[in-house]
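Here is the structure we will look at, set down as structure tokens.
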Amino acid sequence: MEDLLLTDYLVFAAAGMFVFGYLVINQVVLRTMLLIGTVLYIWYYAIVDSTPLWPAIWASVATGTANTLGLLGLMYRRSARAIPKEFRDIYLHFNNLPPGDFRKLMRATSRVVRPAGFKLTTAGTKVATLYYILDGEAHIEKRNGSFSIPQNSFIGEVSFLTGNSASGTAVLSRESTVLEWNVNVLKRHAARDQRFRLALDALISLDLARKVSQSVLSDKFELVSARPV
């Protein structure tokens, strides 16, 4: 077998980077491996012949540049710098969202203070606004009873997910700070970005699961308390 040349090693190394990159799921690692492989291919095209293979070099530079821009964008979306300054104080309540997705969610919202008695939803009507109570409390009236929703909770999330009318009437029990999203605008944002839609659905689903869990625990407590001593 003939001795391998530097150009042979460059081709093998570049191909190895591409193969390894395609085998991993992590997007940052994948793009990094592809970028290294592209640099090795450019090196190969520059020295494989007496004259550099300029068409191949420029083509590789173009793909490498596009990959670099995508990598930088991906890293920025995962960085805390993507969180808007005016919303950094509440990111703790949404930390299941990557910073980039949180930024998109906050771009579509407004933070306002609503007075006690402000009606958030009305039973039997379409929900036009999705709410999140940052500081305050809401009282929910349904056919089968009433209950309270504490702060750090969504209001109108079931209607947002299903498109159905509100199943109950929600009214703020006291002056509260809330986040408000126009449902149609938020749905358009989600329709344009599949990854954002999945992250938003997961966030709302976690909120629903927490409410169900708290409801079950409350029911169990009431049953135990009602038992004769």
Quiz item: Just wondering, more than 12 heavy atoms not from Phe18 lying within 6.0 Å of its CZ?
Solution: yes
Quiz item: So, for Phe102 and Tyr91, is the gap between ring centers shorter than 6.0 Å?
Solution: yes
Quiz item: Less than 4.5 Å apart, any side-chain heavy atom of Met75 and any of Leu71?
Solution: yes
Self-check item: Note, Val113 side chain near Glu175 side chain (heavy atom, < 4.5 Å)
Solution: yes
Practice problem: Compare every heavy atom of Val28 with every heavy atom of Asn26, then report the nearest pair and how far apart it is. | Solution: OD1-N, 2.9 Å
Self-check item: Gap between atom CD1 of Ile155 and atom OG1 of Thr121 - 0.5 Å precision
Solution: 7.0 Å
Self-check item: Any donor-acceptor N/O pair, Asp101 side chain to Ala199 backbone, under 3.5 Å
Solution: no
Quiz prompt | 4.5 Å side-chain heavy-atom contact, Tyr131 and Phe118 | solution = yes
Quiz item: Do Arg114 and Thr177 have side-chain atoms, one donor and one acceptor, less than 3.5 Å apart?
Solution: no
Quiz prompt | Heavy-atom side-chain proximity of Phe147 to Ile149 below 4.5 angstrom | solution = yes
Exercise. Please tell me if the side chains of Val11 and Val48 come closer than 4.5 Å, counting only heavy atoms from C-beta onward.
Key: no
Quiz item: Are Phe160 and Phe154 near enough that their ring centres are under 6.0 Å apart?
Solution: no
Self-check item: Joint cluster assignment, Ile204 & Val178, ILVMFWY side-chain distance < 4.5 Å
Solution: no
Quiz item: For Leu105 and Phe196, which heavy atoms make the closest approach, and how far apart are they?
Solution: N-CE1, 3.8 Å
Quiz item: Considering the options Leu35, Val29, Leu30, Ile36, which one meets the side-chain contact (heavy atoms from CB on, under 4.5 Å) requirement together with Thr32?
Solution: Ile36
Exercise. Indicate if Leu186 and Phe87 have the same hydrophobic cluster label, given that clusters are the connected sets of ILVMFWY residues with side-chain heavy-atom separations under 4.5 angstrom.
Key: yes
Exercise. State, to 0.1 Å, how close Asn67 and Arg31 come at their nearest heavy-atom pair, and which atoms those are.
Key: ND2-O, 2.9 Å
Self-check item: side-chain hydrogen bond (donor to acceptor under 3.5 Å, both in side chains) assessment of Arg210 paired with Ser153
Solution: CA-CA 9 Å; Arg210 179 175 58 82; Ser153 300; 3.2 Å; yes
Practice problem: For atom CZ of Arg143, decide whether the heavy atoms of other residues, nucleotides or ligands shown that lie under 6.0 angstrom number more than 12. | Solution: no
Exercise. Please name the pair of heavy atoms, one in Gly163 and one in Lys187, separated by the smallest distance, quoted to 0.1 Å.
Key: CA-NZ, 4.3 Å
Quiz item: Is there a side-chain contact between Asn152 and Tyr132 (heavy atoms, below 4.5 Å)?
Solution: yes
Quiz prompt | Leu40 side chain near Trp43 side chain, heavy-atom distance below 4.5 Å | solution = yes
Quiz prompt | Donor + acceptor pair across side chains of Glu141, His139 (<3.5 Å) | solution = yes
Quiz item: How far apart are the closest heavy atoms of Gly136 and Ser176, and which atoms are they?
Solution: CA-OG, 3.3 Å
Quiz item: When you check the gap from the basic side-chain N to the acidic O, do Arg197 and Asp201 get nearer than 4.0 Å?
Solution: yes
Quiz item: Does the salt bridge (Lys or Arg N to Asp or Glu O under 4.0 Å) test come out yes or no for Arg111 and Asp89, once each step is laid out?
Solution: CA-CA 12 Å; Arg111 177 159 51 176; Asp89 60 318; 3.1 Å; yes
Quiz item: Tell me, do Leu120 and Leu172 make a side-chain contact under 4.5 Å, heavy atoms counted?
Solution: yes
Quiz item: So which heavy atom on His93 is nearest to which on Leu134, and how close?
Solution: CD2-CD2, 4.2 Å
